[in-house]
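Accompanying notes for the structure given below.
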Amino acid sequence: MKKASFIIVMLLSAICLKAQSISHIEKTKSWYYIYDQNGKKIKTLSTSQGELKGYSSTFYIIKQGSGFYITYDVSGKRLHTFSISTVGEIVSVAGDTFTSRKDAWIYTWTKAGKKIKTRSAHK
């Protein structure tokens with residue numbers, strides 16, 4: 001009985017807890033404003049940190065100078081730093097992954113830094 005009660009409480013807790021997710025990032029001259037699914041501002045970043053290259057509901061990517069891409073989670077925690085010379089150009093961001101193109105290759109990466117797919121690019 002205790003086990004069943006515990007499971008019910010855990011399921012209800014999981015249902016009641018809403019994970020925060022990125023809904024929109026708005027850019028002004030000096031700031032990036034990150035909003036959640038309820039329209040609430042969850043983070044403000046200076047544009048001096050770099051250029052926003054893309055975002056999904058779980059992370060965003062900032063290009064710092066000409067050398068690095070950095071992925072951040074919803075709360076602004078740095079997840080991984082990528083060398084631009086390794087990654088190439090960011091093509092798209094979706095879910096927990098992003099896609100990049102370098103020369104004749106397309107790469108799919110996790111937000112945490114793992115390369116999960118490589119394929120040749122169509123000409």
Side-chain angles (χ1 to χ4, degrees):
M1 188 66 174
K2 286 183 182 181
K3 189 174 181 179
S5 297
F6 176 75
I7 291 172
I8 291 171
V9 168
M10 293 304 292
L11 287 173
L12 289 174
S13 297
I15 292 169
C16 292
L17 290 176
K18 256 193 174 175
Q20 212 170 30
S21 62
I22 299 170
S23 173
H24 177 68
I25 299 180
E26 181 180 351
K27 181 186 177 206
T28 65
K29 184 175 181 178
S30 302
W31 303 101
Y32 295 113
Y33 297 105
I34 302 172
Y35 295 92
D36 71 7
Q37 69 275 15
N38 298 316
K40 179 182 173 194
K41 184 170 41 173
I42 54 176
K43 188 81 177 161
T44 302
L45 299 170
S46 170
T47 55
S48 66
Q49 285 192 287
E51 177 187 357
L52 178 68
K53 297 306 288 182
Y55 66 93
S56 74
S57 63
T58 62
F59 76 108
Y60 55 96
I61 301 174
I62 300 286
K63 179 181 178 185
Q64 284 192 338
S66 60
F68 299 99
Y69 293 120
I70 301 174
T71 55
Y72 295 90
D73 71 7
V74 173
S75 65
K77 178 184 168 197
R78 182 183 293 224
L79 298 172
H80 193 76
T81 301
F82 298 85
S83 168
I84 291 174
S85 62
T86 301
V87 172
E89 180 182 340
I90 304 290
V91 176
S92 67
V93 179
D96 290 334
T97 65
F98 69 94
T99 304
S100 67
R101 180 183 185 130
K102 183 177 180 206
D103 301 322
W105 298 99
I106 302 289
Y107 302 103
T108 303
W109 306 84
T110 68
K111 65 184 179 183
K114 182 180 178 189
K115 187 187 325 178
I116 56 177
K117 180 76 174 172
T118 302
R119 67 175 176 82
S120 63
H122 298 288
K123 292 185 179 192

Quick check: closest heavy atoms across Val74 and Ser57, and the distance to 0.1 Å? CG2-O, 3.6 Å
Counting only N and O atoms by type, is there a donor-acceptor contact under 3.5 Å from the side chain of Gln64 to the main-chain atoms of Gln49? yes
In Å, rounded to the nearest 0.5 Å, how long is the span from NZ of Lys63 to CD1 of Ile70? 12.5 Å
Between CZ of Arg119 and OG1 of Thr99, what distance do you get to the nearest 0.5 Å? 8.0 Å
Side-chain contact test, heavy atoms from C-beta onward, threshold under 4.5 Å: evaluate it for Lys27 versus Leu52 and give yes or no. no
Which pairs would a plain distance check flag for residues 86-94, meaning a side-chain donor or acceptor within less than 3.5 Å of a matching protein atom at least two apart in sequence or in another chain?
none

Does the side-chain contact (heavy atoms from CB on, under 4.5 Å) test come out yes or no for Tyr69 and Trp109, once each step is laid out? CA-CA 12 Å; Tyr69 293 120; Trp109 306 84; over 6 Å; no
Taking atom OH as the centre, does Tyr35 end up with more than 12 heavy-atom neighbours from other residues, nucleotides or ligands that are less than 6.0 angstrom away? yes
Testing the basics here: between Ile25 and Ile22, what is the closest heavy-atom pair and its distance to 0.1 Å? CG1-CG2, 4.0 Å
Where is the tightest heavy-atom contact between Gly95 and Thr58, given as atom of each residue plus distance? O-OG1, 2.9 Å
Report the distance from atom OG1 of Thr71 to atom NZ of Lys53, rounding to the nearest 0.5 Å. 15.0 Å
Compute the ring centroids of Tyr107 and Phe82, then answer whether they are less than 6.0 Å apart. no
Using the rule that two of Ile, Leu, Val, Met, Phe, Trp, Tyr join whenever any of their side-chain heavy atoms come within less than 4.5 Å, decide whether Ile34 and Tyr55 are in one cluster. yes
Quick check against the 3.5 Å criterion: does Asp73 have a side-chain atom that pairs as donor or acceptor with the backbone of Ser75? yes
Does Ser30 offer a backbone N or O that forms a donor-acceptor pair with the side chain of Thr47 under 3.5 Å? yes
Gap separating the OG1 atom of Thr118 from the NZ atom of Lys102, nearest 0.5 angstrom: 11.5 Å
Non-hydrogen side-chain atoms of Leu45 and Tyr60 separated by less than 4.5 Å: yes
Here the pair of heavy atoms bringing His80 nearest to Lys111 is CB-O, 3.8 Å
Nearest atoms (heavy-atom pairs only) where Arg101 meets His122: NH2-O, 4.0 Å
Could you walk me through whether Tyr32 and Ile62 pass the side-chain contact (heavy atoms from CB on, under 4.5 Å) check? CA-CA 11 Å; Tyr32 295 113; Ile62 300 286; 4.3 Å; yes
Using side-chain contact (heavy atoms from CB on, under 4.5 Å) as the criterion, list what pairs up with Thr28, not counting sequence neighbours. Trp31, Tyr33
